Amino acid sequence: MLSNKMEEALNAQINAEFWSAYLYLSMSAWCAREGKPGMAHWFEVQFQEEQDHARILFNYVLQRGGRVELQPIAEVPTKWQSELDVFEATLKHEQHVTSLINNLYALTHQENDYATQSMLKWFVDEQVEEEENATNIIDNLKMLNGNGYGLFMMDKDLAARVYTQAAPLAGKA
Ligand code: FEO
């Protein structure tokens, strides 16, 4: 059974994951309007992945006999200055999410909740990948330094990203 504290913290994380999904959908819209369909697609895949993250936690709370209480999703930004700006905002956001996951992990120690700790292990690993993906794109954008042809080719590259359902959801959602 989940402690009240853990149940509350997991519900807060469900909301944070949906907020992330909403943020990335907003970024996708911005990229589409800026004439970068590949980047818009990349963020749309990100939008789908964040919904998976929320769903993993949602399923887990219910599996442990807890209560899921969905809260309103707060407003997200809608404008960025450049392609580099939107990906730097992505990295900054993922670093924030990493700190949220680390706080949850620390709470499992306090609450002696090792089942939740085991479930969270997937999120710890996922955050390494999330930060790495954004960092690689930022490095490439810096290298291009606004070169139009380079940006065109990079946009084509990002259009190839394929959504894959998160492993913990296999057969569940
Ligand atoms: Fe749910 Fe991008 O971390």
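Since the model is a prediction, treat every value here as computed from it, not as a measurement. Read the numbers this way: they start at 1 and go in the same order the structure lists the ligands and their atoms.
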Participant: For a distance under 2.8 Å, tell me if Glu17 has an N/O/S atom near atom 1 (Fe) of ligand 1.
Facilitator: yes
Participant: For atom CZ of Phe152, is the number of surrounding heavy atoms from other residues, nucleotides or ligands below 6.0 Å larger than 12?
Facilitator: no
Participant: At a threshold of 2.8 Å, where the distance has to be below it, does atom 2 (Fe) of ligand 1 have an N, O or S atom of Glu49 nearby?
Facilitator: no
Participant: Can you spot which of Met143, Glu88, Glu83 makes a side chain to side chain contact (heavy atoms under 4.5 Å, CB included) with Ile138?
Facilitator: Glu88
Participant: With respect to atom 2 (Fe) of ligand 1, what is the nearest N, O or S atom of Glu94?
Facilitator: OE2
Participant: Determine which of the N, O or S atoms in His53 is closest to atom 1 (Fe) of ligand 1 and give its atom name.
Facilitator: ND1
Participant: Can you tell me the N, O or S atom of Glu50 that's nearest atom 2 (Fe) of ligand 1?
Facilitator: OE2
Participant: Does either side chain, that of Glu50 or that of His53, offer a donor lying less than 3.5 Å from an acceptor on the other one?
Facilitator: yes
Participant: Ignoring hydrogens and geometry beyond distance, is a side-chain donor-acceptor pair present between Gln13 and Glu17 at under 3.5 Å?
Facilitator: yes
Participant: Give a yes-or-no answer on whether the side chains of Asn103 and Tyr105 include a donor-acceptor pair shorter than 3.5 Å.
Facilitator: no
Participant: Looking only at N, O or S atoms, find the one in Glu130 nearest to atom 2 (Fe) of ligand 1 and name it.
Facilitator: OE2
